[in-house]
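To keep things clear, I will list the structure first and then write my remarks on it.
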Amino acid sequence: MTRIAGVSTRQAGPLVKLAYFFTRRHYARLTGRETRLINERMLEPLKMYAHVPGLLRAIAGLEQATARLHRLDERLKYLAELKAATLTHCEYCIDLGSRIAHRSGLSEEQLLALPSYRTSKLFTDLEKLVLDYAVGMSRTPVEVPDALFSDLREHFDEAQIVELTHVIALENLRGRFNLALGVGAAGFSEGMVCAMPATIPDLHRGARPPTSAGEGLDIQ
């Protein structure tokens, strides 16, 4: 149960109701569900923001702009978002992210292998690099070694790196917001395998293959 009650559709004003309507449609497209099956519980983060309409408009605009990003391969983007969600332990984000990642082509075996992705043969080197970046960014404080960033530059241009950085940072915002307010899983992944919350061991234990700068990350 959430720590505060969100603004229900019945209580919402016209503009907030419009935001709820378009969010239902967006979630329906992302998850492959019918719009009518996107229930009130699935809108809980938005219902929290609705207490501050100006902030709701701002976050909705940010989410819309993010949804229009196209420079990165969708599978990589959703993989990075899901990894960040597992690191914040946000049940809502893991629930929704697992459904979206699965629809983008991530197998159930890969969902279950996320905690040990670095030693798994189910992920490509590029996917592992993106996951390393998601983990480094999700640490507190952030730990992204120069060598890791240099590896990213070999595969992505500057605009793609900014896009990847943004979606990981935004997922951390979502997760921490939801966790503080007690927003839990909403049933997006009901009936399918869901990713598991992960941990971040100490940095620099050498599990990541040495880079040109001799640095490595031991990340789960």
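Note that the coordinates shown come from a computational prediction; the quantities given were computed from them, not determined experimentally.
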Atom pairs and distances, donor-acceptor, side-chain atoms in residues 50-61, under 3.5 Å, two or more places apart:
{"from": "His51", "atom 1": "NE2", "to": "Ala5", "atom 2": "O", "distance (Å)": "2.6"}

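- Ala195 and Ile94 make their closest contact through O-CG2, 3.2 Å (heavy atoms, listed as atom of the first residue, atom of the second, distance).
- Between the side chain of Ser150 and the backbone N or O of Asp146 there is no donor-acceptor pair closer than 3.5 Å.
- Although no hydrogens or angles enter the test, the distance criterion places no donor-acceptor pair under 3.5 Å between the side chain of Arg176 and the main chain of Thr88.
- Here the CZ-CG distance, from Arg24 to Leu37, works out to 10.5 Å after rounding to the nearest 0.5 Å.
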Report task. List the steps, then state whether side-chain hydrogen bond (donor to acceptor under 3.5 Å, both in side chains) holds for Thr66 with Glu63. Result -> CA-CA 5 Å; Thr66 303; Glu63 291 285 4; 5.0 Å; no
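- A distance of 12.0 Å separates CG of Leu114 from CD of Glu109, quoted to the nearest 0.5 Å.
- Thr86 places a side-chain N or O within 3.5 Å of a backbone atom of Lys83 that can act as its donor or acceptor partner.
- Closest heavy-atom contact between Leu129 and Arg118: N-NH2, 4.3 Å.
- Closest approach of His89 and Leu179 over heavy atoms only: O-CD2, 3.6 Å.
- Within a 6.0 Å sphere centred on CD of Gln110, other residues, nucleotides and ligands contribute more than 12 heavy atoms.
- Within 6.0 Å of the CZ atom in Arg75, the count of heavy atoms belonging to other residues, nucleotides or ligands exceeds 12.
- Not a single donor-acceptor pair under 3.5 Å links the side chain of Arg71 to the backbone N or O of Glu163.
- Every residue two or more places apart in sequence or in another chain that forms a side-chain contact (heavy atoms from CB on, under 4.5 Å) with Ala186 is listed here: Arg41, Met42, Tyr92, Asp95, Phe188.
- Remark: Gln160 CD to Leu69 CG distance equals 11.5 Å, nearest 0.5 Å.
- Of the possible polar contacts, none joining the Ser189 side chain to the Met192 backbone as a donor-acceptor pair under 3.5 Å is found.
- Taking a 6.0 Å sphere around CG of Leu15, one finds it holds 12 or fewer heavy atoms contributed by other residues, nucleotides or ligands.
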Report task. For side-chain hydrogen bond (donor to acceptor under 3.5 Å, both in side chains), just list the numbers for Thr9 and Glu40, CA-CA rounded to whole Å, side-chain angles, deciding distance to a tenth of an Å, and then say yes or no. Result -> CA-CA 8 Å; Thr9 302; Glu40 289 284 313; 2.6 Å; yes
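- In terms of heavy-atom proximity, Arg153 sits nearest to Glu158 at NH1-OE2, 3.7 Å.
- Taken together through direct or relayed side-chain contacts under 4.5 Å among Ile, Leu, Val, Met, Phe, Trp and Tyr, Leu170 and Leu87 form parts of separate hydrophobic clusters.
- In terms of heavy-atom proximity, Thr165 sits nearest to Met137 at O-CE, 3.3 Å.
- Of the inter-residue distances, the one linking Lys128 atom NZ with Asp151 atom CG reads 14.0 Å to the nearest 0.5 angstrom.
- Judged by distance alone, the side chains of Tyr117 and Asp132 do bring a donor and an acceptor atom under 3.5 Å apart.
- Follow the hydrophobic side-chain contacts under 4.5 Å out from Phe177 and you reach Tyr20 in the same cluster.
- Leu46 places none of its side-chain heavy atoms less than 4.5 Å from the side chain of Val16.
- In this structure, Glu127 contributes its side chain and Thr124 its backbone to a donor-acceptor pair below 3.5 Å.
- Salt-bridge annotation for Glu190 and Arg99: absent, with no side-chain N of the basic residue lying under 4.0 Å from a carboxylate O of the acidic one.
- Put simply, the side chain of Thr2 does not reach to within 4.5 Å of the side chain of Leu181, judged on heavy atoms.
- The CG atom of Leu79 sits 4.0 Å away from atom CG of Leu131, with the distance rounded to the nearest 0.5 Å.
- Closest of all the heavy-atom pairs between Cys90 and Cys93 is SG-SG, 2.7 Å.
- Interatomic distance, SG of Cys194 versus CG of Leu111, reported as 7.5 Å (0.5 Å rounding).
- The main-chain N or O of Thr119 is never found under 3.5 Å from a side-chain atom of Ser116 such that the two would form a donor-acceptor pair.
- The hydrophobic clustering, which links ILVMFWY residues whose side-chain heavy atoms are closer than 4.5 Å, places Met48 and Leu173 together.
- Leu62 is connected to Leu30 through a chain of hydrophobic side-chain contacts under 4.5 Å among Ile, Leu, Val, Met, Phe, Trp and Tyr, so both are in one cluster.
- For the pair Arg174 and Glu171, the salt-bridge criterion is met [side-chain N within less than 4.0 Å of a carboxylate O].
- In this structure the side chain of Leu106 never reaches within 4.5 angstrom of the side chain of Tyr78, judged on heavy atoms.
- If you chain together hydrophobic residues whose side chains sit under 4.5 Å apart, Phe123 and Met196 never meet in one group.
- Judged by distance alone, with hydrogens and angles left aside, the side-chain atoms of Glu44 form no donor-acceptor pair with the main-chain N or O of Val183 at under 3.5 Å.
- Tyr27 and Thr35 share no side-chain donor-acceptor pair at under 3.5 Å.
- The 12-atom threshold is not exceeded at CG of Asp125, counting heavy atoms of other residues, nucleotides or ligands nearer than 6.0 Å.
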